[in-house]
Amino acid sequence: MSPRTDGRLRSRALLWIPAVAVPAAIAAAVIVPMQASAAVDLPDKTVAELLEFASTSDVEAFSGTIEQTSELGIPDLAGLTGAMGGAGSGSADAGARGDDAAQPADLDDLISLATGSHTANVYVDGSLARLQVLDQLAERNVYVDGEAAEGWFVDSETKTATHVVLPEGTDPEQLGAEAEAHADVSAEEARARIEAETGAPLPTPEELLDRALASLDETTEVTVGTDARVAGREVYELVLEPRTDDTLVGSLRFAVDGENGMPLAASISARGADEPAFRVAFSEVSFEAPDTSVFEFAPSADFTVTEREIPIPTEQELAEWRAGLEAKAGGAHSGEQGVPSPIVHGDGWATVVELPLPSVDAEMLDSLTRAVDGARVLETSLLTVLITDDGRVLAGAVPVERLVEVAAAGAADTGR
Amino acid sequence: MSGRAGTVVDDAVADDAADLAIRTRGLTKRFRSQVAVDGLDLAVPRGAVYGFLGPNGSGKTTTIRMLLGLVRATAGEAEVLGSPMPRAIDAVLPRVGALVEGPAFSPYLTGAQNLRRFDAADRHSIGSTRDTRVAEALERVGLSHAAAKKAHAYSLGMKQRLGLANALLMPRDLLVLDEPTNGLDPQGTREVRALIRSFAADGTTVFVSSHLLAEVEQLCTHVGVMSAGRLVAQGTLEELRRSGGRARVRVRTPDAPAARRVLAGLGIEVESGSAASDLEVVVGTLPDDEEAPEAIVAALVAERVRVRGFAVERASLEQRFVELTGEGFDVVA
Amino acid sequence: MSSREADATTGAARDADLADAGGTTDTVRRPRAAASGTLRLLGNELATLFTRWRTWAMLGALALIPILIGIAIRIAGGSSAGRGPAFLDQITGNGLFVGIAAMTVAIPLFLPLTIGVTAGDAIAGEASHGTLRYLLIAPAGRIRLLVVKYLAAAAFCLAGTLTVVVLGTLVGWLLFPIGPVTLLSGDEIPVGEGLLRFLAVAAYVAVSLLGLSAIGLFLSTLTTVPIGAMAATSILAVVSQIVGAIPQLEALHPWLFTDRWLDFADLLRSPPVWDSFAANALLQGAYVLVFGTLAITRFVTRDVLS
C-alpha cells in the first residue's frame with residue numbers, strides 16, 4: 001500500500017480515539033477530584049482521646065443510608081435452599097408443609113445476610129427512630145417511639161405489621177428513671193469494688209479508660225489509623241488488630257466522625273484479606289433532624305396487624321433472672337429444659353465455643369460442609385464451625401486446625 | 001490501452017474550474033485490496049447533461065457515492081458545485097438532487113409521506129412550504145394520483161418516478177441520477193428521459209449514469225466512459241466520436257489519378273488504389289484538422305474530377321466504446 | 001446563483017469533516033434553521049415511528065400484559081402474600097396495582113425486547129430499506145440523524161412504560177375495587193398521589209431503558225441487517241440480567257445497565273427514595289455517553305454502501 005493509504009487508515013483509526021477518550025476524560029474528571037479531596041487531615045488524637053471523643057458524642061438527631069456488605073466466603077446457597085424447600089414440600093406429608101415452607105425462607109434470610117449486600121435508611125430524632133431496610137421490590141421497617149413506648153415491625157413481603165407496646169400502666173419516664181437509678185447503683189457498686197480491689201481512691205474516667213485499654217492491649221493492638229472520609233464526612237479511624245496469629249480475624253476498624261464523634265462505619269477483615277469480610281457504613285449521613293413524617297406509621301388495610309405486649313420485668317423478676325444466670329454459670333451442667341450451655345476453650349481472639357449438636361437436616365449439613373478427619377467443617381473467611389461425628393459443635397474465629405485440636409482434646413477429656 | 005481520461009478531455013473545459021459542476025482529481029476508492037475506482041479525473045461543466053457511461057460494475061455507483069459523501073475516498077479529492085466533498089457536505093447537498101442505485105422508500109409510508117420525510121431531513125428546507133413542494137414534485141413526475149398509496153404498493157416505474165420527485169423537492173443546481181431508467185418499460189423510459197431533458201432545459205446540470213449507450217447518445221451533451229474503475233474517455237459527444245480514429249473519405253470516380261492528386265493536395269492520405277473497374281474508388285483518411293466535406297467536393301470538381309459518389313465515414317460510437325472498454329454495450333433503448 | 005456560490009465557498013472554508021456544519025444562506029432555503037430543523041426532523045421521525053404498524057403491535061403486546069394479568073386474577077382469584085411476582089397479591093385488594101405488577105413482569109424481557117427492536121432498527125433498518133442514503137444526501141447530517149434516531153427510541157421507551165402502567169391502572173380500575181395505595185413501607189397514600197407515584201415509576205423504567213437504547217443504536221450502526229442488531233440488543237439485556245443474578249460476579253453488578261432496573265420500587269416507599277432514581281440516571285447516562293460516542297464514531301466514518 002502507498003504511504004498515502006497508510007495515512008488514511010491511521011487517520012481512520014484515530015477517529016476511534018474520541019470514542020474511548022471522551023468517556024475516559026469524563027470519568028477522570030469525576031473520579032480524580034473525588035480522590036484528590038479524599039486526603040483528609042484531622043487534628044491528631046491518641047487512642048484514648050479518640051475513644052473519649054467518641055463516647056462523649058452527643059448526636060441527638062440524624063438520618064442517613066447505611067450499606068452493609070458481607071463477603072464471608074460462603075458458597076452461594078440461595079438456589080440450594082430454594083430447591084430444598086421444593087423437595088421438602090414435595091415429599092413431606094401435607095401437615096408438615098407449613099413448617100417446611102417457613103424454614104428455608106428463614107435460612108435464605110440468614111444466608112443473604114452473610115453473602116449479600118443490604119441498604120437501609122436510618123432516621124433518628126431524640127426518642128424517635130426508624131430503620132428502613134430496602135430490599136428489592138420489598139421493604140422491612142422498624143419504628144421505635146421511645147416516648148410513647150411503642151414500636152412497629154413491618155414486613156412488606158409477608159404484609160404484616162407487628163405493633164409492639166409496653167403493658168398498659170407502664171410509664172416510660174418512670175421506667176427510664178428506674179433504669180437510671182439502677183445504673184447509678186451499679187456504678188456505685190463498681191466504684192466500691194474498684195476501690196476495694198486497688199485500695200486506691202476513685203480513678204477518673206480517663207484513668208479507667210487507660211486501664212481498659214491497657215488490659216485490651218495485652219491481646220490487641222489498638223491504633224488510630226489514617227484519617228479518611230465516610231459518607232462525605234471526615235473521620236478518624238480506630239484500628240484493632242489481634243496480637244495472636246491463632247485467629248482468622250485480621251482487623252476491626254471503626255470510623256469516628258471527626259466533628260461530632262459519631263461512629264460512621266465498622267468493618268471486620270479476615271487475616272490477609274484486602275476487602276473487609278463484613279462492613280457496615282453510612283453511605284450518606286445528615287445530622288439535621290429528619291422530617292417528622294418519616295416516623296409516622298399507620299398500617300395500611302392490606303397489612304395484617306398483630307398486637308404484641310412486651311412485659312417489663314419488675315425489679316424482683318430481674319433479680320431472679322440474674323440469680324438464675326449466676327447459678328447456671330456456677331454449676332455448668334445443671335442446664336434446665338435442655339438448653340445447652342456452651343463450654344468455652346481458651347480466651348481472647350482464639351476463643352473456641354463448644355456446644356452439643358442441635359438437630360440439623362443432615363442433607364443440608366452435607367451440602368454446606370466438607371469432611372475432615374472425624375468431623376465435618378464449615379469454613380468462612382471469619383468463622384469456622386466444626387461438627388464432630390460424636391455430636392459436638394465447635395466454633396470460633398480460628399483456623400480449622402485449632403478447632404480439630406480443641407475437639408481432640410475435648411474428646412480425650414470425656415474419654416478419660 | 002492508453003486509457004487515461006486526460007487524453008480526450010477538452011482542455012478548455014478542464015482549465016476553467018469555476019465552470020465545473022463536478023471535478024475530481026485522482027479520486028480513488030479501495031475496498032480492502034480491491035480497487036473500485038482508480039484515479040478518476042472527472043470534469044462536468046455546468047449546464048451540461050453528462051452521461052457517465054460504463055458497463056455494470058465499472059465503478060460508476062461508487063463514484064457517485066463518493067461525490068455525495070456517502071463513501072469516503074481512499075485517495076484524491078472531489079469538488080461538487082465548487083466546494084470540496086465531503087467537507088462541505090452541508091452546503092453542497094441541499095443544492096443537489098440525487099437518485100443513487102435505484103429509488104428506496106420506507107414501504108410502510110405513503111409516497112407523499114416518504115417525500116415529506118426526506119424533505120424534513122434537510123434542516124434548511126422550509127416546513128411551511130413542504131406540502132406544496134411535495135405535491136408539485138409528485139405532479140411533475142405524474143404521481144399525484146398515487147400520493148396517498150403506501151410505497152410498497154408502487155410499481156418499479158412508479159418508484160423510479162417517486163425517486164425523481166424526491167430529487168426535485170427543491171430547486172437544484174445539480175441532479176445526479178444513477179441509472180434512472182433501470183428496470184423501466186419503454187413507456188416509462190421515454191417518460192423519464194423526457195423529464196431529464198426538461199431538467200436540462202431549466203439549466204440544471206445533470207449527471208446521469210447509464211450502461212446504455214443509446215440513452216447517453218439521446219440525452220447527453222457530454223460523456224465520460226468508465227471501464228474497470230478507470231475513466232477511459234471524457235469530453236463532448238462530438239469529441240468522443242471524433243476521437244474514434246480519423247474519418248475516411250471515399251470518392252467514386254472514373255478519374256482516379258486526378259482525384260488522388262487532388263486529395264493528396266488537401267493533405268489526405270490516399271491509399272494506393274486498385275483499378276478494379278473504370279469507376280475506381282479512391283479511399284483516403286482525413287487529417288485531424290479535416291476539411292469540411294463540401295470543401296473537398298468543391299476542390300475535386302474544380303480540378304474537373306467527375307465525382308459520381310462521395311462519402312465521409314466514421315467509426316460508430318458503439319465501435320468506439322467497444323474499443324475503449326473492451327466490452328460490448330447494451331444498445332437496447 | 002452568485003449568493004449560492006459565495007455560500008459554497010464559506011462551506012468549503014469551514015473545517016467540518018463528515019460531521020454536521022452550520023447553516024447556509026439562501027434565498028430559497030431557510031437561512032439559519034438548524035435547531036428548529038432538527039426539531040422538525042424529530043417530529044417527522046416520531047410521526048414515522050408512531051405511524052408504523054409494528055410500533056403499535058409492540059405497544060399492543062405490552063398492553064396485553066396488564067390486560068392478561070387483570071383478567072387472570074379476576075377469574076382465578078388473587079394469590080397469597082409473598083407468592084408470584086411482586087405486587088401481584090395486592091391486585092385483588094386494589095386494582096391500581098395491576099399496572100405496577102405488569103411492570104414488574106414486563107421489565108426483564110418484554111420491554112427490553114421492544115426496545116431492542118426499536119433501537120436496533122434505528123440505523124440498520126434505514127440501511128436495509130436503502131432510505132439511509134437518501135436521508136444522508138438530503139442531507140440529514142450523520143450526527144444529527146443519530147441524535148434524532150436516539151431521541152425517537154427514548155420516546156418509545158416512555159411510550160412503552162406508560163402503556164404498561166396507564167393501561168394496567170385502567171384495567172385494574174375496571175376489574176377491581178380501588179382505594180388508597182399501600183406502599184412498601186406499609187402505610188397508605190391517597191389514590192391521586194398513588195397515581196402520581198405510578199407515573200414516576202413509568203418515568204423511572206423509561207430512564208432505565210436509555211442505556212439499552214444507546215447500545216441498540218450502536219449495534220444498529222454496525223450492520224445493515226436490522227434483525228441482527230435487534231437480536232443482539234435483546235440478548236445483551238438478558239445476558240446482563242443473568243450476570244446480575246450470579247453472586248460470584250458481584251464486582252461487575254454495579255456496572256451493569258440492568259443493575260437498577262427493579263429499583264423502581266424505591267419510588268413506592270415512604271418517603272420515596274429518590275437516590276436510586278438519580279443513581280440509575282447516572283448509570284444510564286454513562287452508558288448513553290459511552291455507546292453514543294461509539295455509535296457516532298462508527299457512523300461518521302462508515303461507508304454507506306446499502
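All figures in this text were calculated on a predicted structure; none of them were measured in a lab. All chains are named by letter (A, B, ...) in the order of the sequence lines, taking the proteins before the strands, and each is independently numbered beginning at 1.
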Task: Over all atoms of both residues, closest heavy-atom pair of C:Arg40 and B:Arg123 - done: NH2-O, 3.8 Å

Open item on the list: Once rounded to the nearest 0.5 Å, what's the spacing between atom CD1 of B:Ile89 and atom CZ of C:Arg142?
Closed with: 6.5 Å

TODO: Can you see which heavy atom on B:Ala121 is nearest to which on C:Leu41, and at what distance?
DONE: CA-CD1, 3.7 Å

Task: salt bridge (charged side-chain N to carboxylate O under 4.0 Å, His left out) contacts touching residues 50-63 of chain C (sequence neighbours left out) - done: C:Arg52-C:Asp121, C:Arg54-C:Asp121

TODO: Kindly compute the distance separating CG (B:Leu68) from OH (C:Tyr134), expressed to the nearest 0.5 Å.
DONE: 9.5 Å

Task: Under 4.5 Å from a heavy atom of chain C, the part of B:Arg133 involved - done: neither

Task: From B:Leu93 atom CG to C:Leu136 atom CG, the distance as rounded to the nearest 0.5 Å - done: 9.5 Å

TODO: Check each atom of B:Arg65 against the heavy atoms of chain C and say whether the ones under 4.5 Å are side chain, backbone, both or neither.
DONE: side chain

TODO: Mark yes when over 12 heavy atoms from residues, nucleotides or ligands other than C:Ile227 sit less than 6.0 Å from its CD1; otherwise mark no.
DONE: no

- [ ] Give the minimum heavy-atom separation between B:Asp122 and C:Ala138, together with the two atoms involved.
- [x] CB-O, 3.4 Å

Open item on the list: Are there residues of residues 97-111 of chain B whose heavy atoms fall under 4.5 Å of chain C's heavy atoms? If so, which?
Closed with: B:Ala98, B:Leu99, B:Val100, B:Glu101, B:Gly102, B:Pro103, B:Ala104, B:Phe105, B:Ser106, B:Pro107, B:Tyr108, B:Leu109

TODO: Please flag which part of B:Asp119 lies under 4.5 Å from any non-hydrogen atom of chain C: side chain, backbone, both or neither.
DONE: neither

- [ ] Could you check if a side-chain atom of C:Arg302 sits within less than 4.5 angstrom of a side-chain atom of B:Arg72, using non-hydrogen atoms only?
- [x] no

Task: C:Asp303/B:Lys29 ion pair, N-O < 4.0 Å - done: yes

Open item on the list: Return the CG to CG distance between B:Leu70 and C:Leu305, rounded to the nearest 0.5 Å.
Closed with: 8.5 Å

